[in-house]
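These notes concern the structure reproduced below.
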Amino acid sequence: MKKIVFLALASLAFGAQESEFKIYEQILNQLDAKQIPAFVVQTAKPNLPSRVDDMITLKDVSQNGLNIHGEFVLNETKDRKLKSYDKTKILALKNEFYQNGKEALCNSGMARAALNRGITLSGSYGFEGRHLFDLKLDKSSCEYPFLRW
């Protein structure tokens, strides 16, 4: 465990994306694939809720087998009034979030290392108690032509 903590701290010293990926890969290789979701959940939970950006708050994170699941709450912004969104606008928002989320996660060292170990990442998105949509990514989600590393 000391080695995992050391590697996690060492990853802060590296700014390059590929270096970050290699550090996280070393950390996760210390764990059996079945242990990775619990490790990620245990690491993330103390920092929740966490504001991702102006529109998204990560409310909770959980695991089920080899899946890490995030519960996200959407917030209205100056440009987006979600109360008025119909099914068509929600579908467009889901597609936008999928593309943006995929790009961000596929370029994240930690997420990419987890996906490479067979972990899936899923998320449920809601607004004011209303479920809007779900997203799910696996290793194939980051394969060419979406690969940016």
Side-chain angles (χ1 to χ4, degrees), residues 1-77 79-80 82 85 89-127 130-149:
M1 187 59 138
K2 286 183 181 180
K3 187 174 183 180
I4 291 173
V5 172
F6 171 75
L7 289 170
L9 292 174
S11 71
L12 297 174
F14 295 94
Q17 185 177 14
E18 197 57 33
S19 295
E20 176 192 6
F21 169 69
K22 288 179 181 180
I23 293 294
Y24 283 121
E25 195 171 52
Q26 288 178 335
I27 292 168
L28 297 185
N29 281 337
Q30 301 295 314
L31 302 170
D32 181 69
K34 293 176 185 175
Q35 297 172 308
I36 294 171
F39 173 75
V40 172
V41 168
Q42 179 183 1
T43 303
K45 271 208 181 263
N47 300 309
L48 299 179
S50 176
R51 190 74 177 228
V52 176
D53 60 27
D54 287 345
M55 190 172 198
I56 306 169
T57 300
L58 176 59
K59 181 179 172 185
D60 195 18
V61 65
S62 61
Q63 65 150 115
N64 184 6
L66 294 178
N67 181 61
I68 300 169
H69 183 77
E71 292 287 332
F72 297 92
V73 176
L74 300 182
N75 310 293
E76 288 195 332
T77 65
D79 299 329
R80 294 194 174 174
L82 298 174
Y85 274 31
K89 285 185 177 181
I90 290 172
L91 181 59
L93 185 66
K94 176 182 178 178
N95 291 333
E96 176 188 338
F97 274 48
Y98 179 75
Q99 292 304 320
N100 291 343
K102 179 170 55 174
E103 184 171 342
L105 290 171
C106 292
N107 286 306
S108 159
M110 178 63 146
R112 202 169 97 215
L115 292 169
N116 283 343
R117 293 290 304 277
I119 307 303
T120 58
L121 305 173
S122 64
S124 294
Y125 294 78
F127 172 70
R130 179 176 143 207
H131 177 263
L132 297 180
F133 55 84
D134 296 309
L135 299 175
K136 188 170 188 175
L137 295 171
D138 61 17
K139 182 180 177 183
S140 68
S141 303
C142 295
E143 293 174 354
Y144 185 81
F146 305 107
L147 189 62
R148 301 224 189 249
W149 36 277

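The model shown is predicted, which means the values in this text are computed figures rather than measured ones. One is the number of the first residue; the rest follow in order along the sequence.
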Side chain to side chain donor-acceptor pair (under 3.5 Å), that's the test. Do Asp79 and Thr77 meet it? Break it down for me. CA-CA 5 Å; Asp79 299 329; Thr77 65; 5.4 Å; no
Can you tell me how far the [atom1] atom of [X] sits from the [atom2] atom of [Y], to the nearest 0.5 Å?
{"X": "Leu132", "Y": "Lys94", "atom1": "CG", "atom2": "NZ", "answer": "11.0 Å"}
{"X": "Phe127", "Y": "Arg130", "atom1": "CZ", "atom2": "CZ", "answer": "8.0 Å"}
{"X": "Phe72", "Y": "Leu135", "atom1": "CZ", "atom2": "CG", "answer": "8.5 Å"}

Quick one: salt bridge (Lys or Arg N to Asp or Glu O under 4.0 Å) partners of Arg80, sequence neighbours excluded? Glu96
Looking at residues at least two apart in the chain, or sitting in another chain, which of them share a salt bridge (Lys or Arg N to Asp or Glu O under 4.0 Å) with Asp60? Lys45
Residues Val40 and Met110: closest non-hydrogen pair is CG2-CE, 3.9 Å
In terms of heavy-atom contacts, Arg112 and Cys106 come closest through CD-O, 3.2 Å
Ser108 side chain to Ala104 backbone, donor-acceptor under 3.5 Å: no
Short question: side chain of Asn95, backbone of Tyr98 - any donor-acceptor pair under 3.5 Å? no
Can you confirm if the aromatic rings of Phe97 and Phe133 lie within a centre distance of less than 6.0 Å? yes
Go through the steps for Leu93 and Leu82 under the test side-chain contact (heavy atoms from CB on, under 4.5 Å), then give the verdict. CA-CA 10 Å; Leu93 185 66; Leu82 298 174; 3.9 Å; yes
Please table the atom pairs, donor to acceptor, closer than 3.5 Å between any side-chain atom in residues 49-56 and protein atoms at least two apart or in another chain.
{"from": "Arg51", "atom 1": "NE", "to": "Asp53", "atom 2": "O", "distance (Å)": "2.8"}
{"from": "Arg51", "atom 1": "NH2", "to": "Asp54", "atom 2": "O", "distance (Å)": "2.6"}
{"from": "Asp53", "atom 1": "OD1", "to": "Met55", "atom 2": "N", "distance (Å)": "2.8"}
{"from": "Asp53", "atom 1": "OD1", "to": "Ile56", "atom 2": "N", "distance (Å)": "2.8"}

Mind checking side-chain contact (heavy atoms from CB on, under 4.5 Å) for Leu105 and listing every partner two or more places apart, or none if nothing turns up? Ala111, Leu121, Leu137
Where at least one partner belongs to residues 26-35, residue pairs that pass salt bridge (Lys or Arg N to Asp or Glu O under 4.0 Å), sequence neighbours excluded: none
Sorted by first residue and then second, give each side-chain hydrogen bond (donor to acceptor under 3.5 Å, both in side chains) pair with at least one member in residues 66-76; sequence neighbours left out. Thr57-Asn75, Asn67-Thr120, Asn67-Ser122, His69-Glu71, His69-Ser122, His69-Ser124
